[in-house]
Amino acid sequence: MTTRSPLRLLIASAGVAALLALAGCSSAGGPANTAEIPTGVAFEGYAVAGDSALKALTSDSGALDTVAISGVSLTSEGGGVAASSSDALALLAKAHSAKKKAELVVDNIDASKGVYSQAIATKMLSSESNRQFVIAGLAGEVEHGGYDGVQLDFESLSASNSDDLVSFASELRETLPAKATISMALTAQTSASGYLAAGYDLAKLTASIDRFVLLAYGEHGSSFSEAGPVGGLPWAQQALAALLTLVPAKSVDLAVAGYGSTWPTTGKGGVISPAEAREQAGSRANWVSAQGEWTAKLADGTVLWWSDARSLTVRANAAKSAGLHGVALWQIATADPVANA
């Protein structure tokens with residue numbers, strides 16, 4: 001799982017405030033473990049290529065509109081992207097056979113360290129020749145591989161990257177077929193100025209980007225913070241409110257976690273699926289309505305926080321109230337099943 005960094009903000013509209021109002025009441029039991037997507041809300045599921053994702057695509061296909069196929073990264077010198085793996089192409093074929101669209105997600109993860117790398121992104125973005133090599137690779141995936149579009153997931157950037165990112169997006173738009181979509185993942189920032197500081201000049205990017213995916217998770221995680229919600233509602237509300245001062249609601253998808261984290265009293269914690277969290281928590285599970293997530297403290301003192309089907313349903317309803325384009329889920333292989341309401 002990827003962690004996302006939080007910041008902060010002060011604005012709220014009636015639609016965004018629904019994030020809190022729709023959180024529901026506190027209960028240890030909760031509804032059936034299947035998320036429900038209301039009519040009129042698009043649903044994109046992130047998928048890391050492999051057998052688990054193939055199975056999840058089958059179970060979630062009734063609700064899915066788009067599959068975001070993850071796993072293609074910039075090369076270490078920023079001059080290209082690796083070709084899609086056979087597993088990714090199998091997932092693409094499965095998505096198309098189910099009459100779903102499929103986007104290829106390209107990121108700036110440093111494979112040797114397993115983290116997003118500003119250095120790699122800068123090598124690509126700041127060089128016109130590198131940008132063109134990467135764009136040629138992505139265009140080949142769309143035109144010959146069959147992807148319906150591309151999602152840019154460039155993280156750990158700064159304001160120094162913003163102009164070059166705008167150039168890259170514009171050049172990519174000019175190169176891809178007109179029918180191909182371009183979306184962009186945004187790390188959650190809780191002030192309007194925070195998005196520019198994170199490298200996203202949204203006023204200029206809107207000319208090339210069809211849809212922005214707000215990564216409203218990574219508020220807390222066992223590898224980088226004390227125990228807390230994976231992506232709690234108040235924090236998500238702030239990040240969404242900030243974003244909606246910069247781009248139209250109909251161009252935004254709210255991305256939701258389908259996982260949790262563990263904080264043991266000794267040693268390292270880790271990532272956990274909703275099903276694993278429920279099994280470990282048992283009767284200790286507590287739905288925290290203000291956060292729209294579950295938590296538990298186990299007998300050995302380990303603290304769990306997780307986002308599950310109920311969490312996604314809350315946020316999907318809130319997305320509809322706020323007039324957003326839709327919701328996205330990281331990731332379908334580990335998350336609870338999803339269906340149409």
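Side chains are part of it too, since the values below use all heavy atoms of this structure and drop only hydrogens, waters and symmetry mates.
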Original post:
With sequence neighbours left out, what residues match Ala335 under side chain to side chain contact (heavy atoms under 4.5 Å, CB included)?
Top reply: Leu329
Original post:
Can you name the salt bridge (Lys or Arg N to Asp or Glu O under 4.0 Å) partners of Asp87, sequence neighbours left out?
Top reply: none
**OP:** Could you tell me whether Gln132 atom CD has more than 12 heavy atoms of other residues or ligands within 6.0 Å of it?
**Re:** yes
Original post:
Looking only at heavy atoms, what is the nearest atom pair of Ala95 and Ala102, with distance?
Top reply: CB-CB, 4.3 Å
Subject >> Non-hydrogen side-chain atoms of Ile182 and Leu176 separated by less than 4.5 Å >> reply: yes
Original post:
Where the side chain of Thr206 meets the backbone of Ala203, is there a donor-acceptor pair that is under 3.5 Å apart?
Top reply: yes
**OP:** Provide the full list of salt bridge (charged side-chain N to carboxylate O under 4.0 Å, His left out) pairs with a residue in residues 163-178, sequence neighbours left out, each pair given once.
**Re:** Arg131-Glu171, Arg173-Asp210
**OP:** Report yes if some heavy atom in the side chain of Val134 is under 4.5 Å from a heavy atom in the side chain of Met124; otherwise report no.
**Re:** yes
Original post:
What residues form a salt bridge (Lys or Arg N to Asp or Glu O under 4.0 Å) with Glu293, not counting sequence neighbours?
Top reply: none
Original post:
Does any N or O in the side chain of Thr245 come within less than 3.5 Å of the main-chain N or O of Ala242, such that one atom is a donor and the other an acceptor?
Top reply: yes
**OP:** Using a 4.5 Å cut-off on heavy atoms from C-beta on, say whether the side chain of Ser261 contacts that of His220.
**Re:** no
Original post:
Do Leu214 and Leu196 share a hydrophobic cluster, counting only Ile, Leu, Val, Met, Phe, Trp and Tyr and linking them when any side-chain heavy atoms are less than 4.5 Å apart?
Top reply: no
**OP:** Find out whether Tyr217 and Val256 are in side-chain contact, i.e. whether some heavy atom of one side chain is under 4.5 Å from a heavy atom of the other.
**Re:** no
Subject >> For Leu186, the option from Val213, Leu246, Leu243, Val247 that meets side chain to side chain contact (heavy atoms under 4.5 Å, CB included) >> reply: Leu243
**OP:** Return the set of residues passing side chain to side chain contact (heavy atoms under 4.5 Å, CB included) with Ala275 (not counting sequence neighbours), or none when no residue passes.
**Re:** Ser273, Arg278
**OP:** Look up atom CG in Leu254 and atom CZ in Arg315, then write down how far apart they are to the nearest 0.5 Å.
**Re:** 7.5 Å
**OP:** Kindly indicate whether the side chain of Leu240, heavy atoms from C-beta on, has any atom under 4.5 Å from the side chain of Val252.
**Re:** yes
Subject >> Over all atoms of both residues, closest heavy-atom pair of Pro248 and Ser251 >> reply: O-OG, 2.7 Å
Original post:
Name the one of Trp294, Trp306, Trp305 that satisfies ring pair (Phe, Tyr, Trp, His ring centres under 6.0 Å) with Trp287?
Top reply: Trp294
Original post:
Does the side chain of Val303 come within less than 4.5 Å of Thr262's, by heavy atoms?
Top reply: no
Subject >> Glu36 versus Asn340, side-chain donor and acceptor atoms under 3.5 Å >> reply: no
**OP:** Hey, could you give me the CG/CG distance between Leu74 and Leu125, rounded to the nearest 0.5 Å?
**Re:** 7.5 Å
Original post:
Got a donor-acceptor contact below 3.5 angstrom from the Thr75 side chain to the Gly79 backbone?
Top reply: yes
Subject >> Any residue meeting ring pair (Phe, Tyr, Trp, His ring centres under 6.0 Å) with Tyr200, in chain and number order, not counting sequence neighbours >> reply: none
Original post:
In Å and rounded to the nearest 0.5 Å, what is the NZ to OG1 distance from Lys101 to Thr181?
Top reply: 6.5 Å
Original post:
Which residue pairs satisfy the salt bridge (charged side-chain N to carboxylate O under 4.0 Å, His left out) criterion with at least one member in residues 247-275, sequence neighbours excluded?
Top reply: Arg211-Asp253
Subject >> Pair Thr66-Glu103, side-chain donor/acceptor within less than 3.5 Å >> reply: no
**OP:** Give a yes or no on whether the backbone of Leu157 and the side-chain of Asn161 come within a donor-acceptor separation of less than 3.5 Å.
**Re:** no
Subject >> Summary of salt bridge (charged side-chain N to carboxylate O under 4.0 Å, His left out) pairs that have at least one residue in residues 104-127, sequence neighbours excluded >> reply: Glu77-Lys123
Subject >> Heavy-atom closest pair, residues Val142 and Ala180 >> reply: CG1-CB, 4.0 Å
Original post:
Is a donor on one side and an acceptor on the other found under 3.5 Å between the side chain of Ser162 and the backbone of Gly199?
Top reply: no
**OP:** Before giving the answer on side-chain hydrogen bond (donor to acceptor under 3.5 Å, both in side chains), spell out for Lys94 and Thr58 the whole-Å C-alpha distance, their side-chain angles and the decisive distance to 0.1 Å.
**Re:** CA-CA 8 Å; Lys94 181 81 169 181; Thr58 299; 3.2 Å; yes
Original post:
Is atom CD of Glu128 surrounded by more than 12 heavy atoms (other residues, nucleotides or ligands) closer than 6.0 Å?
Top reply: no
Original post:
Ser84: what forms a side chain to side chain contact (heavy atoms under 4.5 Å, CB included) with it, not counting sequence neighbours?
Top reply: Val72, Ala88, Leu89, Leu104, Glu141, Tyr147
Side-chain donor/acceptor pairs under 3.5 Å, residues 48-55, sequence neighbours excluded:
none

Subject >> Separation between CG of Leu304 and NZ of Lys297, rounded to the nearest 0.5 Å >> reply: 11.5 Å
Original post:
Using a distance-only test with no angle check, is there a side-chain donor-acceptor pair under 3.5 angstrom linking Tyr46 and Gln151?
Top reply: yes
Subject >> Residues in ring pair (Phe, Tyr, Trp, His ring centres under 6.0 Å) contact with Phe168, at least two apart in sequence or another chain >> reply: Phe154
**OP:** Kindly say whether Val166 contributes a backbone atom to a donor-acceptor pair with the side chain of Ser170 at under 3.5 angstrom?
**Re:** no
Original post:
So how far is it from Leu172 CG to Leu138 CG, rounded to the nearest 0.5 Å?
Top reply: 6.0 Å
**OP:** Measure the CD1-OH distance between Ile109 and Tyr116 for me, rounded to the nearest 0.5 Å.
**Re:** 4.0 Å
Original post:
Pick from Leu165, Val150, Asp153: which one makes a side chain to side chain contact (heavy atoms under 4.5 Å, CB included) with Met184?
Top reply: Leu165
**OP:** List for me each residue that meets side chain to side chain contact (heavy atoms under 4.5 Å, CB included) alongside Ser193, sequence neighbours excluded, and say none if there are none.
**Re:** Ser191
Original post:
Closest approach of Val41 and Gly326, non-hydrogen atoms and distance?
Top reply: CG1-CA, 3.6 Å
Original post:
Do His96 and Asp148 come close enough that some side-chain heavy atom pair is under 4.5 Å?
Top reply: yes
Original post:
Side chains of Thr265 and Asp300: do they bring a donor and an acceptor to under 3.5 Å?
Top reply: no
Original post:
Does a side chain donor of either Asp201 or Tyr195 reach within less than 3.5 Å of an acceptor in the other side chain?
Top reply: no
Original post:
For the side chain of Ser156 and the backbone of Ser117, is there at least one donor-acceptor N/O pair under 3.5 Å apart?
Top reply: no
Subject >> Any side-chain heavy-atom pair of Leu298 and Gln280 under 4.5 Å >> reply: yes
